[in-house]
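Structure first, then comments.
Side chains are part of it too, since the values below use all heavy atoms of this structure and drop only hydrogens, waters and symmetry mates. Along the sequence shown, residues carry numbers from 1.
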Amino acid sequence: MAKRGWLERTVGDYLPRGLALGDREQLRFLTGARDPVRYLDTPRSALPLWLPFQLFALDYAEDIVLETSHPAWSMHELARVEYGEESFWIAKDSDANGVQTVTADLEAIESWLPEIAVPRRRDELRVDDRSSDTRLELSFRYRNALGEAVAVDFSSPRPRRLERWRNGSTFDHSQQAVSAVIDISRKQMTGIRGDVSYDGRCYPLRRVLGLVPVRALLHQTQIGFVRASARISPCTTDDGGDALRIERPIDGESWPTRGRQEALLSVDGRRTTLSWSSGPTSYAYEFVDAELWRVRAFCVPPMGAAPSAELRLSAPLPDLRRPFDGVVSRRFLLFVNGLCHGYGRMSAKASDDGAELAITPIAPRWFQARPMQSRLTVRGDRLELRCERTPC
């Protein structure tokens with residue numbers, strides 16, 4: 001048992017897992033936590049519905065992963081994001097505390113994917129691409145958050161086959177901001193050359209157990225809950241449709257991102273869908289009688305295609321606009337590219353000025369370590385949504 005614990009701490013993050021729950025286990029898990037809600041009053045807000053948390057999803061068509069022995073950095077990722085017919089590269093540098101800083105040459109980078117509240121900075125990211133259909137050959141030049149001139153030279157065969165074990169660890173990356181699961185659909189770890197230098201000084205790659213250098217080429221999709229600071233108010237679209245305006249952050253709060261998005265309300269009888277696009281990702285929150293029962297996210301493909309990510313609940317969450325009795329518990333599953341990669345519990349309760357929602361992941365291990373808490377507060381005709389990481 002002690003040896004297994006040591007091995008998990010040493011190499012566990014580098015070993016992919018299978019499904020968090022199999023098909024039968026998923027069905028059994030979702031049969032619990034279906035108690036009805038006893039409402040005590042009418043809605044306390046003119047908003048047609050409340051957004052209880054912020055989900056995020058992002059797909060990296062190619063994700064270069066390198067770890068060096070540099071004392072200030074734990075991992076570097078160079079990731080290619082596809083956006084319509086175009087694509088671009090971003091650099092993600094993780095420091096010793098797991099805080100990831102995104103560097104990209106994007107105008108108004110603080111408003112790019114504003115729902116993902118991680119530090120980002122705009123700077124030149126030069127990419128020399130000499131790739132072929134069978135092999136990736138790239139060189140990157142940029143300055144990191146410490147002002148160091150980083151040079152990365154990378155060469156790898158392109159991974160072709162789908163992985164059998166795809167449930168990958170988040171390590172400790174962005175643990176202050178997100179609670180996520182990752183689907184690594186393709187992976188290449190052999191035949192790779194990767195060199196990294198900082199201000200002209202090369203640092204050797206870090207080796208697992210002193211033997212295996214950490215370098216890889218992945219195709220991965222991430223989904224999860226993320227910190228939030230947002231004001232939500234009713235508005236009308238240019239063509240006269242009903243919508244909700246989501247403004248980040250709440251006035252006076254320090255935040256790494258900012259932006260304004262309009263989420264369209266589509267009503268079909270008792271069902272309402274709240275949908276909007278953010279960069280390459282589109283979101284759809286689906287309600288019945290203002291009770292949230294499903295969230296889907298589409299990375300690159302249009303709405304109507306198979307979702308890249310999906311949150312399923314054992315029963316709809318309460319209509320959080322209305323006071324209700326006691327604590328209402330629900331169970332949830334997180335699917336990435338059709339695979340159940342995570343599961344957990346939610347507990348909702350009404351407060352004097354709004355509602356609170358605790359999000360408690362159960363598995364896998366790296367997901368369990370990042371519970372979150374949402375607080376919704378009524379401010380006149382507006383709603384304030386705050387969501388934060390809580391101690392495990």
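- Between the side chains of Gln188 and Thr190, at least one donor N or O lies within less than 3.5 Å of an accepting N or O.
- No donor-acceptor distance shorter than 3.5 angstrom exists from the side chain of Arg322 to the backbone of Pro318, with no hydrogens or angles considered.
- Side chain of Ser197 to main chain of Arg201: no donor-acceptor pair is present (N/O by atom type, distance under 3.5 Å, no hydrogens or angles).
- When the options Asp105, Asp153, Asp123 are evaluated for a salt bridge (Lys or Arg N to Asp or Glu O under 4.0 Å) with Arg141, the one that passes is Asp153.
- For the 3.5 Å distance criterion, the side chains of Thr377 and Glu384 fail to qualify, holding no donor opposite an acceptor.
- Ser277 places no side-chain N or O within donor-acceptor distance of the main-chain N or O of Ser282, the cut-off being under 3.5 Å.
- The closest side-chain heavy-atom distance from Thr103 to Ile90 is not below 4.5 Å.
- A single hydrophobic cluster is seen to contain both Trp50 and Phe287, as judged by linkage of ILVMFWY side chains at heavy-atom distances under 4.5 Å, directly or through other members.
- Residue Asp133 qualifies as open at atom CG: its count of foreign heavy atoms under 6.0 Å is 12 or below.
- Figure legend: Arg312 and Phe335 shown as a cation-pi pair, the cationic atom lying under 6.0 angstrom from the six-membered ring centre and within 45 degrees of its axis.
- Between Thr390 and Gln373, the shortest heavy-atom distance links the atoms CG2-CB, 3.5 Å.
- Closest heavy-atom contact between Ile182 and Ser169: CD1-O, 3.8 Å.
- Side-chain atoms of Asp93 and Asn144 form no donor-acceptor pair, as typed in the model, at a separation below 3.5 Å.
- When hydrophobic clusters are built by joining Ile, Leu, Val, Met, Phe, Trp and Tyr residues whose side-chain heavy atoms come closer than 4.5 Å, directly or via intermediates, Tyr203 is grouped together with Leu146.
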Verdict with supporting geometry, Ser74 and Ser94, side-chain hydrogen bond (donor to acceptor under 3.5 Å, both in side chains): CA-CA 6 Å; Ser74 64; Ser94 301; 4.6 Å; no
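- Between Arg296 and Glu286, at least one side-chain N (NZ, or NE/NH1/NH2) sits under 4.0 Å from a carboxylate O, which counts as a salt bridge.
- Cluster membership for Leu49 and Leu385, using ILVMFWY side-chain heavy atoms within less than 4.5 angstrom, is shared.
- Note: Asp325 CG to Lys349 NZ = 13.0 Å, rounded to the nearest 0.5 Å.
- Remark: Glu310 engages Arg294 in a salt bridge, criterion side-chain N to carboxylate O under 4.0 Å.
- Between Phe332 atom CZ and Ile362 atom CD1 the span is 7.5 Å, to the nearest 0.5 Å.
- The environment of Arg270 atom CZ is sparse: at most 12 non-hydrogen atoms of other residues, nucleotides or ligands sit within 6.0 angstrom.
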Worked verdict on Leu265 versus Leu244 for side chain to side chain contact (heavy atoms under 4.5 Å, CB included): CA-CA 7 Å; Leu265 287 161; Leu244 296 184; 4.2 Å; yes
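- When only modelled atom types and interatomic distance are considered, Glu253 and Ser229 share a side-chain donor-acceptor pair under 3.5 Å.
- Judged by distance alone, with hydrogens and angles left aside, the side-chain atoms of Asp268 form no donor-acceptor pair with the main-chain N or O of Arg271 at under 3.5 Å.
- No path of Ile, Leu, Val, Met, Phe, Trp and Tyr side chains, each step under 4.5 Å between heavy atoms, connects Met189 with Leu78, placing them in separate hydrophobic clusters.
- By the 4.5 Å heavy-atom criterion applied to side chains, Leu55 and Val226 are not counted as neighbours.
- Taking 4.5 Å as the limit, every side-chain heavy atom of Val328 sits out of range of all side-chain heavy atoms of Asp35.
- To the nearest 0.5 angstrom, Met75 atom CE is 10.5 Å from Thr68 atom OG1.
- At least one donor-acceptor pair closer than 3.5 Å links the side chain of Ser314 to the backbone N or O of Arg331.
- The aromatic rings of Tyr343 and Phe29 lie perpendicular to each other, with more than 60° between the two planes, well past the 30° mark.
- Taking 4.5 Å as the limit, some side-chain heavy atom of Leu357 sits within range of a side-chain heavy atom of Phe53.
- At distances below 3.5 Å, at least one donor-acceptor pair connects side-chain atoms of Arg330 with backbone N or O atoms of Ala315.
- In this structure, Phe88 has its ring center closer than 6.0 angstrom to the ring center of Trp112.
- Taking the six-membered ring wherever Trp is involved, the centroid distance between the rings of His76 and Tyr198 falls below 6.0 Å.
- In this structure, the side chain of Asn167 engages the main chain of His341 through a donor-acceptor pair within 3.5 Å.
- Taking 4.5 Å as the limit, some side-chain heavy atom of Val152 sits within range of a side-chain heavy atom of Leu66.
- Note on residues 154-163: pairs passing side chain to side chain donor-acceptor pair (under 3.5 Å), not counting sequence neighbours, are Glu62-Arg158, Arg135-Ser155, Glu137-Ser155.
- Taking a cutoff of 4.0 Å between a charged side-chain nitrogen and a carboxylate oxygen, Arg375 and Asp353 qualify as a salt bridge.
- Note that CD of Gln220 and CG of Asp63 are 4.5 Å apart. Values are rounded to the nearest 0.5 Å.
- Taking the six-membered ring where the residue is Trp, Tyr283 and Trp276 present tilted rings, their angle falling between 30° and 60°.
- If you take CG on Asp129 and CG on Leu136, they are separated by 6.5 Å, rounding to the nearest 0.5 Å.
- Side-chain contact check for Arg130 and Ser139: at least one donor-acceptor pair (N or O, by modelled atom type) lies under 3.5 Å.
- Judged purely by distance below 3.5 Å, without hydrogens or angles, the side chains of Thr221 and Ser308 never pair a donor atom with an acceptor atom.
- Not one N or O on the side chain of Arg379 forms a donor-acceptor pair closer than 3.5 Å with the backbone of Leu383.
- A 4.5 Å side-chain heavy-atom check between Phe225 and Val178 finds every atom pair outside the cut-off.
- Using a distance-only test at 3.5 Å, with no hydrogens or angles considered, no donor-acceptor pair links the side chain of Arg248 to the main chain of Ile246.
- No more than 12 heavy atoms of other residues, nucleotides or ligands shown are found within 6.0 angstrom of CZ on Arg258.
- Counted by atom type alone, Gln100 and Ser174 present one or more donor-acceptor pairs between their side chains at under 3.5 Å.
- Contact detail for Pro316 and Trp293: the closest heavy-atom pair is CG-CB, 3.9 Å.
- Closest approach of Gln176 to Arg227, counting heavy atoms only: O-CD, 3.0 Å.
- Between Val336 and Val181 the shortest side-chain heavy-atom distance falls below 4.5 Å.
- Ile64 is not connected to Leu218 by any chain of hydrophobic side-chain contacts under 4.5 Å among Ile, Leu, Val, Met, Phe, Trp and Tyr, and they are in different clusters.
- When every heavy atom of Val99 is checked against every heavy atom of Pro119, the shortest pair comes out as CG1-CG, 4.1 Å.
- Between Ser233 atom OG and Arg382 atom CZ the span is 5.0 Å, to the nearest 0.5 Å.
- In this structure a side-chain-to-backbone donor-acceptor pair under 3.5 Å is missing from Glu77 to Val65.
- Inspection of the Asp183 and Ser185 side chains reveals no N or O donor paired with an N or O acceptor under 3.5 Å.
- Heavy atoms from other residues, nucleotides or ligands lying under 6.0 Å from CZ of Arg206 number more than 12.
- The neighbour count for Asp128 CG, taken as heavy atoms of other residues, nucleotides or ligands under 6.0 Å away, is above 12.
- Scanning all heavy atoms of the two residues, the minimum distance from Phe56 to Gln222 falls at CE1-OE1, 3.9 Å.
- Using cut-offs of 30° and 60° for the angle between ring planes, the His173 and Phe171 rings count as parallel.
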